[in-house]
Amino acid sequence: MAATSSWQPQEEGFNSICALLQHQISPSSDKSQIWQQLQHFSHFPDFNNYLVFILARAEGQSVEVRQAAGLLLKNNLRTAFNSMTPAYQLYIKSELLPCLGAADRHIRSTAGTIITVLVQLGGVSGWPELLQALANCLESNDLNHMEGAMDALSKICEDVPQVLDSDVPGLVERPINLFLPKLFQFFQSPHTSLRKLSLGSVNQYIMLMPAALFASMDQYLQGLFVLAHDSAAEVRKLVCAAFVQLIEVNPSFLEPHLRNVIEYMLQVNKDSDDEVALEACEFWSAYCDAQLPLENLREFLPRLIPVLLSNMAYAEDDESLAEAEEDESLPDRDQDLKPRFHSSRFHGSDNAEDDDDDIVNIWNLRKCSAAGLDVLSNVFGDEILPTMMPIVQAKLSTTDDETWKEREAAVLALGAVAEGCITGLYPHLSEIVAFIIPLLDDKFPLIRSISCWTLSRFSRFVVQGIDHQKGCEQFDKVLRGLLRRILDTNKRVQEAACSAFATLEEEAAEKLAPHLEIILQHLMCAFGKYQRRNLRIVYDAIATLADAVGEKLNQPTHLDILMPPLIAKWQQLSNSDKDIFPLLECFTSIAQALGPGFSQFAEPVFQRCINIIQTQQLAKIDPASAGVQYDKEFIVCSLDLLSGLAEGLGSGIESLVAQSSLRDLLLQCCMDDDAPDVRQSAFALLGDLARVCPVHLHPRLSDFLNVAAKQLNTSKLKETVSVANNACWAIGELAVKVHQEVSPIVMTVISCLVPILQHAEELNKSLIENSAITLGRLAWVCPEIVSLHMEHFMQSWCTALSMIRDDIEKEDAFRGLCAMVRANPSGALSSLVYMCKAIASWHEIRSEELHNEVCQVLHGYKQMLRNGAWEQCMSALEPPVKDKLSKYQV
């Protein structure tokens, strides 16, 4: 394994680099100066040779310096290795291999990391010596060599597992086939490190499932059973992880051993090591998702539920305990602020994005146990209550300060099963809610916060009771209790209360109207005192309130409470302050709720959105003259607020649009190829403006139509489905306003919509609906063009139309259907059954004129089809469809 080249370091270079590295690892060093010197050294072609020499051979230097050389080498090789001369590449590789058996663990580990980077860059086929060196070390019986090779191998398995499961020229078998028997052998090693590294390496292949592992599954499972009671927690954790992954990937492997595996997981779910218990706890949700027979798990429930409940109490070291002491007067640190994600405006029935609030929260045994209980309650329903409720009641009946965590866990448990066990809990819900309400005022902040969450899980029940006196009183108590907690002095409670209140708002909707004054007083009081992080949640609660009560918000007494603090904040924030995002979102909901009532606030809001978009479009090209760094989210939020204004003000927005540069800015946004979310919001605004002031789009109409059509004609339709959806909708909105003027692009658009309708099952439901409606609208305004091609799309189009719920847009599409049939009656003959089903999908056509047109179409075909042909068509329809058609007198 000795060096294969004659390269030798110069003493002067060696000494200066070592001195620099020594300097780099000292805590007081000047990092920017060191970086400049490293940049200087990196211009020497053999700089990386020095680094590997220092790592591998500089015995006189400290381990820290040698390790620093290795880490720098690793980072350099990522970018530089493939452009190095072959001789230097060879030198670095040959110096690394002996490090696998180095006496110092840190040197071995650093070498393993660098070797993995080289394998990532070039695979193993170009480095046959590596596989041989690893195999030799693993067979050597020398602990340093075995551990060094195992460390490198485990990193390769973790980062690039597929490399070892590929054919390598010159080798009879794939590398993984050669290594697996040795890995299984190490399961029984007396050395913990080897047991851990070998098991971790095999686990990396559960997802890939190479033929070699599939063939030796029994040996693997026997190895897992042997390691199941290992003295080392890190090994037991890997055993649990293996069982969880196996049940996710291929449960059939475990089926013969299921009882034993469940029994084992139940035991380790109580492991003294929290990380092992957490890994075991993942098993229950995985089991329920694996569609395995529930019988096997059912008999364990009386033992499993108590374990989950016991693990739901806060651990002593849970970071939430320290956070819960934080008073509201303590300003938030930047790292306390979760990244926020604005989802662009979307026109249709199902938005593709699903936001997960807990992305940034730490996953732990408590949360995993609660999630497991939630899943079990959804699978087994009320069956779990006889085991769970006595434990919950016992925990809730304690009153002393020492047991507050038990009480808190019991309230969490009630919230966790609120969905799955609702039937069994229903007769007792009034009592449960009545029991939790006083806990909103408990002396322990974490009991106050969990009580907010659990009440929100029962909010549907609380709202349903409003109509009778007792229920109304209870709703009132919950409402006022949550409002009190919104003004809590503890940040954690404020956050829980605001989120719970937003859930209650969604359930209660317009039923909140009589309480608007007291709600607004509390929310605006919170708005005045919250720190930055929780302020975002207040914005959300205000926006949800506006969505819930709509125009009921449009009362001077309400607006006098709501608007002045928001306007003051609006004036305080600069156009480049990210804290303006939630405020823009909040104003969007308020504008839509107030409708024309927002006009008194509209002009400065409109103008500011225009300014923000202009600044950001400049910043994209020239950040220096814009004075800000480009951030597309400013554009997206501003476009969405303008859409909210268009929706709220209706034609009242016309004078604002007329005096602004919005049309050209919007066209630029529609053409922004780098940012799908900017285009998505831009086409939503285009459709909204088409509805209320199409005259101002007119001068650039053909540009707007062409760029919208382009969004439908893309090979990446699935990745940008939300953009295509909004563009498609906007074309339809423009068509019904400008009529014949869309004719130049009609065929381009139709040729894109037809394939979308023909592949309906593969695409998003909303895109299919909008495609069907837009095709109908184009047919309505240009029937003579569209009807010529109708036999190509009638079946898939009518199928899509029959899935759409009754509304104005569906009416437009059917006007198109009738216009096409009038222009080309024979074009629909072969699809008559599909057309009848589409007509029968109406619950009721509200427009008398359209109802009569549909009657005429059906009667026309009845007269056209003689000699039993009409009757034959009718006999192909299901009875419910025939019944629906009877209202058209055919």
Side-chain angles (χ1 to χ4, degrees), residues 327-332 337 340 440 448-449 452 456 476 478-506 508-573 577 579-595 597-602 604-605 608 637 641 644 648:
D327 187 74
E328 63 176 353
S329 58
L330 216 66
D332 290 329
L337 297 172
R340 56 174 303 292
L440 290 171
R448 300 201 296 274
S449 63
C452 292
S456 77
D476 211 51
V478 170
L479 178 80
R480 285 168 187 272
L482 289 176
L483 289 174
R484 270 201 312 284
R485 289 294 58 85
I486 283 175
L487 299 184
D488 201 291
T489 56
N490 181 284
K491 287 183 182 180
R492 182 68 185 268
V493 180
Q494 293 172 352
E495 179 179 10
C498 253
S499 301
F501 191 69
T503 307
L504 184 71
E505 288 174 327
E506 286 174 353
E510 68 281 356
K511 292 177 181 167
L512 290 174
H515 309 274
L516 266 174
E517 197 160 334
I518 185 172
I519 293 172
L520 287 168
Q521 283 164 347
H522 280 78
L523 288 177
M524 299 327 287
C525 181
F527 185 79
K529 71 178 206 156
Y530 277 15
Q531 300 289 348
R532 284 170 64 201
R533 174 176 161 171
N534 283 350
L535 198 53
R536 294 176 176 180
I537 306 169
V538 184
Y539 282 128
D540 186 47
I542 295 170
T544 309
L545 180 68
D547 296 339
V549 299
E551 60 195 19
K552 303 262 171 54
L553 194 56
N554 193 13
Q555 300 290 333
T557 46
H558 302 334
L559 296 182
D560 289 346
I561 306 170
L562 173 67
M563 294 308 289
L566 291 177
I567 290 167
K569 177 65 82 176
W570 172 263
Q571 288 163 347
Q572 181 193 331
L573 293 169
D577 188 332
D579 284 346
I580 205 169
F581 294 150
L583 182 53
L584 293 170
E585 289 172 1
C586 186
F587 268 146
T588 305
S589 291
I590 293 171
Q592 284 165 286
L594 294 184
F598 193 77
S599 52
Q600 54 181 313
F601 313 107
V605 171
R608 185 159 190 185
C637 285
L641 177 43

Criterion side chain to side chain contact (heavy atoms under 4.5 Å, CB included) on Leu535 and Lys569, from CA distance to verdict: CA-CA 11 Å; Leu535 198 53; Lys569 177 65 82 176; 3.8 Å; yes
Residues Ile580, Arg608; criterion side chain to side chain contact (heavy atoms under 4.5 Å, CB included); working and verdict: CA-CA 11 Å; Ile580 205 169; Arg608 185 159 190 185; 3.4 Å; yes
Worked check of side chain to side chain contact (heavy atoms under 4.5 Å, CB included) between Leu562 and Ile590: CA-CA 10 Å; Leu562 173 67; Ile590 293 171; 4.0 Å; yes
CA sep, side-chain torsions, deciding dist, call: His515, Asp476, side chain to side chain contact (heavy atoms under 4.5 Å, CB included): CA-CA 9 Å; His515 309 274; Asp476 211 51; 3.3 Å; yes
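For the atom pair Ile561 CD1 and Gln521 CD, the distance stands at 4.5 Å (nearest 0.5 Å). The distance from the CG atom of Asp560 to the NE2 atom of His558 is 10.5 Å, given to the nearest 0.5 Å. Atom OG1 of residue Thr544 and atom CD1 of residue Ile537 lie 11.5 Å apart, to the nearest 0.5 angstrom. Atom CZ of Arg492 sits about 11.0 Å away from atom SG of Cys452, to the nearest 0.5 Å. Interatomic distance, Met524 CE to Met563 CE, rounded to the nearest 0.5 Å: 8.5 Å. Rounding to the nearest 0.5 Å places CG of Leu520 at 6.0 Å from CG of Leu553.
The backbone N or O of Arg485 sits nowhere less than 3.5 Å from a side-chain atom of Arg448 that would complete a donor-acceptor pair. At distances below 3.5 Å, at least one donor-acceptor pair connects side-chain atoms of His522 with backbone N or O atoms of Ile518. The backbone N or O of Arg532 lies less than 3.5 Å from no partner atom in the side chain of Asp579, so there is not a single donor-acceptor pair.
The two residues Asp540 and Ala502 have their closest heavy-atom pair at OD2-CB, 4.3 Å. Ala546 approaches Ser589 most closely through the heavy-atom pair CB-O, 3.7 Å. Minimum heavy-atom separation, Pro582 to Tyr539: CB-CD1, 3.4 Å. Scanning all heavy atoms of the two residues, the minimum distance from Asn554 to Gly597 falls at ND2-CA, 3.5 Å.
In this structure, Leu487 and Cys525 have side chains that are in contact, with non-hydrogen atoms separated by less than 4.5 Å. Side-chain contact between Ser449 and Glu495: absent, with no pair of heavy atoms (C-beta onward) separated by less than 4.5 Å. Two residues are said to be in side-chain contact when any heavy atoms from C-beta on lie closer than 4.5 Å; Leu479 and Leu512 meet this criterion. Looking at Trp570 and Val605, their side chains come closer than 4.5 Å, going by heavy atoms from C-beta outward. Looking only at side-chain heavy atoms (C-beta outward), Leu545 and Ile542 stay at 4.5 Å or farther from each other. Ile486 places a side-chain heavy atom less than 4.5 Å from the side chain of Tyr530.
Sparse packing is recorded around NZ of Lys552, with 12 or fewer heavy atoms of other residues, nucleotides or ligands lying under 6.0 Å away.
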